[in-house]
Protein chains: 2
Amino acid sequence: MTRIVDVARRAGVSTATVSRVLNGKSVRPELVAAVRAAVDELDYVPDRTARSLRRRSSDVVALVLPDVENPFFTAVARGVEDVAQEAGFSVVLCNTDDDPAKEARYLAVAEHENMAGVVIAAASASPALAGLLARRRAVVAVDRAVPDAVDQVTFDNVALGRRAAGLLVERGFRRIACVTGPRATTTAVDRATGWRLALDDAGLVPSDDLLVHANFRVDGGYAATSELLARPTAPDAVLATNNLVGVGALRAVADRHLDLAASGAAGGTSVGVGIVGDLPFATSRTDDVALVPLSPRGLGTTAARMLLERLDGLDVAPRRVVQDGAAPPGGTSAGLHL
Amino acid sequence: MTRIVDVARRAGVSTATVSRVLNGKSVRPELVAAVRAAVDELDYVPDRTARSLRRRSSDVVALVLPDVENPFFTAVARGVEDVAQEAGFSVVLCNTDDDPAKEARYLAVAEHENMAGVVIAAASASPALAGLLARRRAVVAVDRAVPDAVDQVTFDNVALGRRAAGLLVERGFRRIACVTGPRATTTAVDRATGWRLALDDAGLVPSDDLLVHANFRVDGGYAATSELLARPTAPDAVLATNNLVGVGALRAVADRHLDLAASGAAGGTSVGVGIVGDLPFATSRTDDVALVPLSPRGLGTTAARMLLERLDGLDVAPRRVVQDGAAPPGGTSAGLHL
DNA sequence: TTGTATGCGTTATCAA
DNA sequence: TTGATAACGCATACAA
């Protein structure tokens, strides 16, 4: 293994000079050339562990997510990865399963592994960031708001819920239920608030028993929607406040449809479905689903950029960025959709 | 920040003894107790960077994947993560986009970051493992076979393709096309071979123009299937050799169905679809899809266990594990559908 | 600008 | 078994 001393010897300089060249400090041009030549010839690559120990900070960023199997969060991950990698950072993906204990463990690892920074979509209403903040490590909250004084980038979730519910209203549905996520999840609560507002806008009644809190996964959406549709006074439409719940809702509606057909009941007008989010792996056409597409990847890139600014030394008060949330009509990145 | 010297002072021992206690070497019981007490009181956690530098190996494992947005690979990741984490290792997720250059970069990072080991689903037919192997780092290939002398865990892809195509034959389809992945991807080639065998078994003709190589994503499956269905002598069924291609195929079939209906053509018998893989986010019922479910998570756990054995010092010839591929009947994932 | 020498926090070697 | 101390590879304070 080639070390910095090998390069120094070969270039006829001290290790300090090699280090300076490698880190862009001012060095006489001819020595720079000599060092670079030696580096190339020896195929030298600095040991990042030693560098981290000395600098007291590594070049890896932790990305703490509630569910890496949710395409929404993998898209966030891609966004973060794209810009982090560009800047020379590696990204460690940490999966919390929405479990505050697992989350706390990962945050502790990030702290003691001297990671450069953390981007977190919090599982807990109040994640264990104290240790990291005490060490003045950069932290950015993404997607879900946290109470701590850190940079945050989220969607305008109230607006998203309102828009999605509004689409259902426009399509003529009158009795619109809402299936959302856990009460501890800010996105779930805010989008449900949006649903309420949209119904108010339309002079409809956002009755409390039409609001169901499930988990934010497929099974949660399926169970909640099935239950709603089985009621004597079933809703004529369901708003799912995230993508996976939306998948579950669609399956529940499809099953219900088949059940009714089997039991000889008239094929009444089908149940409307609205979804805040995308269906990247839909196996059916989604023309009649009221979709409010998001750009989670943009969320990730924004969060990563904010983190990099902090790592670059930016020292201002915590910032809150609220992205509109709409996926751009054409491009791959976020565009403001007015 | 508390360091090992602080603990040593508090416990009235040397740093060497603290280190020994922390690493389970033999130490007099009373001293062990004293050290543990000091660790607790001071809330001491070893700095993993320093530890890595000294040990010349970190406790993070790189997981190199072609596409973290594919649920198949996120499931592999969960499997790896589960067992690695249990053993005290962190997992870094590296996304190569099936690009050999990106893959090579990540492998170089893994090498110079002194990562403990690498689990890789190769993007390249011959990934750049030389550096890692020269340093005797543990490497396990998962899902896709590689030419190097490393542990490998894969499915029996020929058998999987054969089984899926066989299901379509059983259902009475006679002209069965196959949409598979790139020629450089072992899984794509092997499953196509299985398709060929199944057709032979049934006395059918696996005509070469019924085999299409697409990319292994939704758009690839959609385009290839659309093209097949638009031919004058269209196939009556399509075998998709992975999950995403399967999604694309289903969408193409649905669109074709609608087009025919719109053009007033008779609603002939619908096109059969077979898929090697799962549809975790299907938005429609999949009763009439010939699915051969997999357990990618099991692939991941096996690979991680093999890696851990190597990290534990196991020094035997490279092993090849071929998993049946069928998801377990009882587990949480899709049950075997006979 | 350059070199020397020290320290980052831990583990491993060697004597005791 | 235990303690003193020398590495691990790099970056920087200080001196030149």
Side-chain angles (χ1 to χ4, degrees), chain A residues 1-36 38-39 42-60 88 108-109 111-116 131 135-137, chain B residues 1-36 38-39 42-60 88 109 111-116 135-137 311 313:
Chain A
M1 191 194 153
T2 43
R3 294 154 307 162
I4 199 170
V5 282
D6 303 319
V7 177
R9 251 195 288 275
R10 177 130 189 167
V13 299
S14 73
T15 61
T17 297
V18 176
S19 175
R20 287 185 192 110
V21 170
L22 263 40
N23 293 292
K25 319 268 182 189
S26 75
V27 170
R28 191 147 42 96
E30 53 214 85
L31 291 191
V32 173
V35 169
R36 291 217 190 289
V39 166
L42 297 177
D43 234 18
Y44 169 72
V45 181
D47 183 300
R48 312 174 62 148
T49 307
R51 174 175 283 182
S52 299
L53 176 60
R54 184 56 233 241
R55 289 193 183 155
R56 318 186 60 66
S57 168
S58 82
D59 47 8
V60 357
V109 168
E111 180 185 344
H112 297 110
E113 194 106 46
N114 289 321
M115 294 192 188
R135 296 203 191 193
R136 318 218 61 222
R137 296 249 169 255
Chain B
M1 189 194 154
T2 46
R3 294 153 308 161
I4 200 171
V5 282
D6 303 320
V7 177
R9 252 196 289 277
R10 178 127 187 171
V13 299
S14 72
T15 60
T17 297
V18 176
S19 176
R20 284 192 273 259
V21 170
L22 264 39
N23 293 292
K25 321 265 183 189
S26 77
V27 170
R28 191 147 42 98
E30 52 214 89
L31 291 191
V32 173
V35 169
R36 291 215 190 290
V39 166
L42 297 177
D43 234 17
Y44 169 74
V45 181
D47 182 301
R48 314 174 62 149
T49 306
R51 172 176 286 182
S52 300
L53 177 61
R54 185 57 235 228
R55 287 193 185 159
R56 317 187 58 66
S57 169
S58 82
D59 46 9
V60 357
V109 169
E111 179 185 343
H112 297 110
E113 193 106 46
N114 289 322
M115 295 191 186
R135 297 205 191 194
R136 316 216 64 219
R137 296 252 170 254
L311 295 179

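Lettering of chains follows the sequences in order, A, B, ..., and the numbering in each one begins at 1.
Rounded to the nearest 0.5 Å, atoms CG (A/Asp43) and CE (A/Met1) are 12.5 Å apart.
Terminal axes of the helix from C/dT1-D/dA16 to C/dA16-D/dT1 (five pairs each, C1' rotation axis) are separated by 40°, to the nearest 10°.
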Check the interface with nucleotides 10-12 of chain C: list each N/O to N/O pair with the protein under 3.5 Å, or write none.
{"from": "C/dT10", "atom 1": "OP1", "to": "B/Tyr44", "atom 2": "OH", "distance (Å)": "2.3"}
{"from": "C/dT10", "atom 1": "OP1", "to": "B/Asp47", "atom 2": "N", "distance (Å)": "3.1"}
{"from": "C/dT10", "atom 1": "OP2", "to": "B/Ile4", "atom 2": "N", "distance (Å)": "2.6"}
{"from": "C/dT11", "atom 1": "OP1", "to": "B/Asn23", "atom 2": "ND2", "distance (Å)": "3.3"}
{"from": "C/dT11", "atom 1": "OP1", "to": "B/Arg51", "atom 2": "NE", "distance (Å)": "2.7"}
{"from": "C/dT11", "atom 1": "OP1", "to": "B/Arg51", "atom 2": "NH2", "distance (Å)": "3.0"}
{"from": "C/dT11", "atom 1": "OP2", "to": "B/Ser19", "atom 2": "OG", "distance (Å)": "2.9"}
{"from": "C/dT11", "atom 1": "O2", "to": "B/Arg54", "atom 2": "NH1", "distance (Å)": "2.7"}
{"from": "C/dA12", "atom 1": "O4'", "to": "B/Arg54", "atom 2": "NH2", "distance (Å)": "3.1"}

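Applying the side chain to side chain contact (heavy atoms under 4.5 Å, CB included) test to A/Thr49 and every residue at least two apart in sequence or in another chain returns A/Asp47, B/Thr49, B/Ser52, B/Leu53, B/Asn114. The side-chain hydrogen bond (donor to acceptor under 3.5 Å, both in side chains) test applied to B/Asn23 returns B/Ser19, B/Arg55, not counting sequence neighbours. Under the salt bridge (Lys or Arg N to Asp or Glu O under 4.0 Å) criterion, B/Arg135 pairs with B/Glu111, not counting sequence neighbours. For the side chain to side chain contact (heavy atoms under 4.5 Å, CB included) test, residues two or more places apart in sequence or in another chain that qualify with B/Glu113 are A/Arg48, A/Asp59, A/Val60, A/Ser90, B/Val109, B/Met115. By the side-chain hydrogen bond (donor to acceptor under 3.5 Å, both in side chains) test, A/Arg36 is found to be paired with no residue, residues two or more places apart in sequence or in another chain being considered. Remark: B/Thr2 engages no residue in a side-chain hydrogen bond (donor to acceptor under 3.5 Å, both in side chains) (not counting sequence neighbours). Remark: B/Arg20 pairs with B/Ala16, B/Thr17, B/Lys25, B/Val27 by the side chain to side chain contact (heavy atoms under 4.5 Å, CB included) rule, at least two apart or across chains. Taking the side-chain hydrogen bond (donor to acceptor under 3.5 Å, both in side chains) definition, one finds that A/Thr15 meets it with nothing, sequence neighbours left out. Applying the side chain to side chain contact (heavy atoms under 4.5 Å, CB included) criterion to A/Val39, with sequence neighbours excluded, gives A/Val7, A/Leu22, A/Val35, A/Tyr44.
Protein chain A contacts DNA chain D from D/dG9 to D/dA13, reading 5' to 3' and using non-hydrogen atoms of the protein with a distance under 4.0 Å.
Checking the phosphate oxygens (OP1, OP2) of C/dT2, no side-chain nitrogen or oxygen of A/Ser14 falls inside 4.0 Å.
Map B/Glu30 and B/Leu53 each onto its nearest nucleotide of DNA chain D; the residue landing nearer the 5' end is B/Glu30. With DNA chain D read from its 5' end, the first of the two nearest nucleotides for B/Arg56 and B/Thr17 is the one closest to B/Thr17.
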